[in-house]
There are 2 protein chains.
Amino acid sequence: MPTKILAMPRRTKPPKRAPGGARAGRGLDLLQTLRTRIATQEIPPGAKLREHELAEAFGVPRARIRQALFALEQRGLVERIPNRGAVVTRLDLAQIFRIYDVREVLEGLCVRLATQNVPNESWQDLLEKFQGPMQEMLQQGDLDAYTAGYDAFRRRIIEAAANPLLTEMLDSIYEKTQVLIRRILILPGRASVGLREHIAVLEAMRRGDAGEAERLRRANLRSAREYLERYQKYVL
Amino acid sequence: MPTKILAMPRRTKPPKRAPGGARAGRGLDLLQTLRTRIATQEIPPGAKLREHELAEAFGVPRARIRQALFALEQRGLVERIPNRGAVVTRLDLAQIFRIYDVREVLEGLCVRLATQNVPNESWQDLLEKFQGPMQEMLQQGDLDAYTAGYDAFRRRIIEAAANPLLTEMLDSIYEKTQVLIRRILILPGRASVGLREHIAVLEAMRRGDAGEAERLRRANLRSAREYLERYQKYVL
DNA sequence: GCAAAAACTATTGTCAACAATATTGTTGAC
DNA sequence: GTCAACAATATTGTTGACAATAGTTTTTGC
């Protein structure tokens, strides 16, 4: 039994809290930790989340764990069956495609808004990064660096879009597909195709062509989806 | 002070629960009640939601109210300030426009998926209803009936799209803008323009032209948004 | 009479014990 | 040997009491 999935990231003070400073964000901290661990599959799909166990591992009362689990349920990261407990949601292929349908239109909206909201020049640095360094990272097989670069791209766009509701929805989707995105990335030929598509999107943004940028971004996600469809047995 | 906003819809058994049947959905019931009351502004924006008060009004322990408020916060219907309590979220114009941006692409996706998922003929009845009876309702000024018709249209499309994530997102948006949608409807000329647009969408769906249906639905929502922009001082 | 401090009140946040329910293990009969 | 009923255990669900915090009023010093 994998009981050591849990274990706090370094909990130095189980008995007493830090006496001085603000520690009001504790509950949120806990939730955030669980979210990322589920998103990265450090806690894998299908894992049982026992309240008592978690409470002990995190050194917090069970009520707080309970609250966190409730929040995770609302975000769709865990499923709670009455009197049976919570398990990490397992996504089947059909659900993944449905998520991608939604993601496609939301990411499309996101680049459109971003293009409209900030001056065209502000995309220059990202464009150059994607035309140069990112290309090299791929050739050297440094997928971690590439992923980091892609994440930065995504975050910049989301920030520029400046739409809190959209941000929340994309975050909610992202934490469900994070692992999947990385798995698609290592499919044969996917990374370089993706990179070309990202560059096309960025070029449109650089020109200030919001409509075209949206269209290209949507095409990009549909293309990722097609890869997933073709190689599904290797990914899942 | 409007303390009688609350008061349960008819709580006949405060001391003991129904002895026999399933009543597990209690907690969910409470949440649902609060959601609809906030969505319809029966509980108006800015209203303070006191846990103790709610607990007494609903005849449930405070912990359950607390849980419900937590859920409402996650859905963005209330804002919780630590140690200060929860107030119903008040939307300003900027936020409303941001919501409409998201709604536009999601409803667009929704009609596209719906068109792809079910046979073309299944839209025939709705199309006829919109070309005939709905028109009459408008002419007779029966906005309640018209609204009900529109709701049915929306629900059919959402159901046909068969995408739980999308459904949830649209529901979440809808409960924030429900009142607003009705206010837009009574703007001069809006209803008839809207009806024409809905018919155009339905015609495209009837033809099985998913792409065009999506485009038309998006145009429809952008048009609603423009009305809102023009008449904003009358609506808010 | 005004301002600042202190006591008070109202409200939310935390917790640990208790109850209800589901699962697992054990016993007995056929 | 297998199945069913029953007992034991583990896990979640519920509740009320207590602690902490923010807002409000009163008091006191100038």
Side-chain angles (χ1 to χ4, degrees), chain A residues 1-3 5-6 8 11 13-32 34 43 46-74 77-89, chain B residues 1-3 5-6 11 13-31 34 43 46-74 77-89:
Chain A
M1 269 295 164
T3 31
I5 289 166
L6 322 166
M8 202 60 176
R11 185 99 172 86
K13 294 190 178 184
K16 292 280 171 228
R17 285 83 166 260
R23 42 127 212 67
R26 249 260 124 275
L28 264 294
D29 234 19
L30 167 67
L31 191 104
Q32 192 56 46
L34 283 174
I43 306 177
K48 269 189 175 180
L49 265 38
R50 267 173 282 267
E51 296 179 358
H52 186 65
E53 219 171 279
L54 287 167
E56 197 163 333
F58 283 83
V60 299
R62 199 164 66 93
R64 236 180 275 181
I65 298 290
R66 216 176 149 62
Q67 205 176 15
L69 287 179
F70 194 73
L72 290 175
E73 182 192 23
Q74 291 232 328
L77 288 181
V78 306
E79 281 166 26
R80 273 161 80 74
I81 314 153
N83 289 314
R84 292 258 331 202
V87 299
V88 177
T89 304
Chain B
M1 272 295 160
T3 30
I5 289 166
L6 323 165
R11 185 100 172 87
K13 293 189 178 185
K16 291 282 171 222
R17 284 86 166 257
R23 43 126 213 69
R26 258 258 129 265
L28 263 294
D29 235 20
L30 167 67
L31 192 106
L34 284 174
I43 306 178
K48 270 188 175 179
L49 264 38
R50 269 172 282 265
E51 295 181 358
H52 187 66
E53 218 171 277
L54 287 166
E56 198 162 332
F58 282 84
V60 300
R62 196 164 68 93
R64 234 178 278 181
I65 298 292
R66 214 177 149 64
Q67 207 175 15
L69 287 180
F70 195 72
L72 290 175
E73 181 192 23
Q74 292 230 327
L77 287 180
V78 307
E79 282 166 25
R80 272 159 82 73
I81 314 154
N83 289 312
R84 291 256 329 178
V87 298
V88 178
T89 304

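Note that these values count all heavy atoms, side chains included, but never hydrogens, waters or copies made by symmetry. Per chain, numbering begins at 1; letters A, B, ... match sequence-line order.
In this structure, CG on B/L69 lies 10.5 Å from CZ on B/R62, to the nearest 0.5 angstrom. Separation of atoms CD (B/E53) and NZ (B/K48) is listed at 10.5 Å; rounding is to 0.5 Å. For the atom pair B/I43 CD1 and B/L54 CG, the distance stands at 7.0 Å (nearest 0.5 Å).
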Show each protein N/O and nucleotides 6-13 of chain D N/O combination with a separation under 3.5 Å, one pair to a line.
from	atom 1	to	atom 2	distance (Å)
D/dT12	OP1	A/L49	O	3.4
D/dT12	OP1	A/E51	N	3.4
D/dT12	OP2	A/E51	N	3.1
D/dT12	O3'	A/N83	N	3.4
D/dG13	OP1	A/N83	N	3.3
D/dG13	OP2	A/R66	NH1	2.8
D/dG13	OP2	A/R66	NH2	3.3
D/dG13	OP2	A/R80	NH2	3.1
D/dG13	O5'	A/R66	NH2	3.4
D/dG13	N7	A/R62	NH2	3.3
D/dG13	O6	A/R62	NH2	2.6

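For the pair B/E56 CD and D/dG16 P, the interatomic distance rounds to 13 Å; values are reported in whole Å. Summarising the geometry, the separation between CD on B/Q67 and P on C/dT12 is reported as 16 Å, rounded to the nearest angstrom. Here the P atom of nucleotide D/dA22 and the NZ atom of B/K48 are 14 Å apart, to the nearest Å.
For the strand DNA chain C, secondary-structure stems (runs of at least three Watson-Crick or G-U pairs, all distances below 3.5 Å) span C:1-30 with D:1-30.
Scored by the side chain to side chain contact (heavy atoms under 4.5 Å, CB included) test, B/E56 finds B/H52 as partners (sequence neighbours excluded). Under the rule for a side chain to side chain contact (heavy atoms under 4.5 Å, CB included), the partners of A/Q74 that lie at least two apart in sequence or sit in another chain are A/F70, B/A71, B/Q74, B/R75. Contacts of B/A63 classified as side chain to side chain contact (heavy atoms under 4.5 Å, CB included), with partners at least two apart in sequence or in another chain: none. For B/R80, the salt bridge (charged side-chain N to carboxylate O under 4.0 Å, His left out) partners at least two apart in sequence or on another chain are B/E51, B/E73.
With a 4.5 Å cut-off on side-chain heavy atoms, B/L34 and B/L31 do not count as touching.
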